[in-house]
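For this chain, numbers begin at 1 and follow the sequence in order. What you see below is based on every heavy atom in this structure, not just the backbone, and it leaves out hydrogens, waters and symmetry mates. We count ligands from 1, going down the list as the structure has it; atoms in each ligand are counted the same way. Model, not experiment: these values are computed from the prediction.
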Amino acid sequence: MKKQTQAIHTQFQRPDAYSSLSMPVYHTAAYEFGDAVSMTDAFCGRTDDPDYSRVMNPTVTFFENKVRALTGATDVIALSSGMAAISNALLAVAEAGQKIVTSRHLFGNTYSLITGTLRRFGIEPVLCDLTDLHAVEQAVDDRTCALFLEIITNPQMEVADLRALSRITRSRGVPLMADTTLIPFTCFDARALGIDVEIVSTTKYLSGGATSIGGLVADYGTTPDFGRRMRTEMLFNFGAYMTPHVAYMQTIGLETLDARYRVQAASALRLAERLRELPAVRAVNYVGLPDNPYHDLARQQFGDTAGAMLTIELADRDACFRFIDRLQLVRRATNLFDNKSLAIHPASTIFGNFTEAQRRDMDIKEDLIRLSIGLEDPDDLFDDLKQAVSD
Ligand SMILES: *Cc1c(COP(=O)(O)O)cnc(C)c1O
């Protein structure tokens with residue numbers, strides 16, 4: 001069976017008492033045991049009977065198993081948000097005195113986590129140009145606990161060579177940890193690209209219609225003790241496991257993920273081509289455009305689609321604000337890959353509380369609009385974007 005079929009038809013671990021066709025939502029904190037021996041076996045991990053929903057819940061396990069079928073990961077751990085997935089995964093590999101090698105181009109909260117929060121606990125950020133392999137060779141040393149990156153950076157749209165990075169990190173025994181939120185894992189093979197730990201904000205493509213906040217960590221089994229530490233230490237001690245109701249919604253989203261994504265990515269390409277024809281649009285950044293500097297690499301790594309996020313550059317910040325104010329169909333909102341198309345001016349919102357110097361350092365431009373393309377008819381979307389950019 002193909003992965004997609006497997007993901008749709010993943011079996012419940014145990015038969016449901018009423019033969020429910022959809023996975024029931026097990027809204028319970030705890031589970032009862034018949035005797036002392038089965039209780040100690042569950043608590044000490046000798047059986048996979050759930051004991052407490054902070055660390056295991058049948059509805060969440062079902063969601064995790066579906067993702068495992070699609071990714072081929074050794075284990076998949078569902079968490080309460082993309083940020084919970086990133087912070088828990090990094091804390092599972094890092095110790096005080098060690099370094100995380102990463103890029104200046106990071107999702108805002110990830111940047112703040114690595115350069116602020118984790119630094120307070122003695123974990124040192126090393127910001128490096130990950131498209132410069134020589135610089136990466138220099139940056140990764142025996143104090144490095146992880147190389148962390150986003151597969152397409154948001155909103156700069158930079159793509160690094162994952163196989164080349166993996167050759168460097170594997171030769172030094174350092175895990176390559178990748179936030180793959182910008183391209184669904186149905187489109188590429190993280191293991192073949194050399195990713196050791198894959199992290200996804202499932203709030204985005206996966207949830208389907210922006211129903212809920214969630215995250216996941218896929219462990220490819222190449223980092224000693226990582227998966228075990230996630231389950232037996234991070235879930236227990238930080239308590240950021242996904243809740244059953246969210247897992248239920250995200251399971252439904254997962255079943256239509258690939259179908260929705262293909263439509264959204266096709267619309268994004270069509271719009272990128274048409275937007276660049278408009279005189280008021282100074283640039284369109286989309287790795288699906290053949291003349292984009294990362295087009296070939298993105299194609300080799302992620303296949304023939306390039307995501308449903310694109311950015312446009314207008315004259316200046318005022319032009320961006322006028323554009324946002326004029327939109328009639330596209331919604332003024334953050335988030336990515338809702339069924340509805342969304343627009344935001346990152347510099348004044350997501351990155352609004354960073355200093356100007358920090359924004360410059362992270363290449364967050366004042367004249368840039370980020371668009372997330374939804375499931376509307378692309379002609380209707382183009383009409384709205386066109387009227388919003390014209391003076
Ligand atoms: C949204 C996002 C996150 C954070 O995910 P949440 O689910 O909002 O916590 C992390 N990385 C990327 C690339 C994102 O787009």
Of the listed options [options], closest to [atom] (non-hydrogen atoms):
atom                    : options                : value
atom 2 (C) of ligand 1  : Glu150, Lys204, Met309 : Lys204
atom 10 (C) of ligand 1 : Ile199, Thr181, Asp179 : Asp179
atom 5 (O) of ligand 1  : Ser201, Ser87, Ser81   : Ser201

N or O pair under 3.5 Å between Met83 and ligand 1: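 N/O-N/O distance below 3.5 Å exists for this pair.
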
Polar contacts were defined as any N/O atom of the residue lying under 3.5 Å from an N/O atom of the ligand; does this apply to Ile86 and ligand 1?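 It does not: no N or O of Ile86 is found under 3.5 Å from an N or O of ligand 1.
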
What orientation do Phe337 and Tyr205 show, parallel under 30°, tilted 30 to 60°, or perpendicular over 60°?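 Parallel.
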
Among all protein non-hydrogen atoms, which one is nearest to [atom], and what is the separation to 0.1 Å?
atom                   : result
atom 4 (C) of ligand 1 : Phe107 CE2, 3.4 Å
atom 7 (O) of ligand 1 : Thr203 OG1, 2.7 Å
atom 6 (P) of ligand 1 : Gly82 N, 3.4 Å

How does Asn335 reach ligand 1, if at all, at less than 4.0 Å between non-hydrogen atoms: by side chain, backbone, both, or neither?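 Neither part.
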
Part of Thr202 within contact of ligand 1 (heavy atoms, under 4.0 Å):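 Contact part for Thr202 vs ligand 1: neither.
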
Looking at [X], which atoms of ligand 1 are within less than 4.0 Å of one of its heavy atoms?
X      : result
Asn154 : 15 (O)
Leu336 : 15 (O)
Gly214 : 7 (O)
Leu182 : 13 (C)

Could you establish whether Ala85 and ligand 1 come within less than 4.0 Å of each other, counting only heavy atoms on the residue side?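 So Ala85 does not count as touching ligand 1.
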
Test side chain to side chain contact (heavy atoms under 4.5 Å, CB included) on Leu127 and Tyr111 and set out the steps. CA-CA 10 Å; Leu127 302 178; Tyr111 181 87; 4.1 Å; yes

Nearest atoms (heavy-atom pairs only) where [X] meets [Y]:
X      : Y      : value
Leu165 : Leu130 : CD2-O, 3.8 Å
Tyr241 : Arg54  : CB-O, 3.0 Å
Asn154 : Arg370 : OD1-NH1, 3.0 Å
Ala265 : Tyr286 : O-OH, 3.5 Å

Assess the side chains of [X] and [Y]: does a donor N or O sit below 3.5 Å from an acceptor N or O?
X      : Y      : result
Asp141 : Thr144 : yes
Ser53  : Tyr31  : yes
Ser207 : Gln250 : no

Looking at Tyr18, Phe62, Tyr26, which one forms a ring pair (Phe, Tyr, Trp, His ring centres under 6.0 Å) with Phe12?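 Filter result, single survivor: Phe62.
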
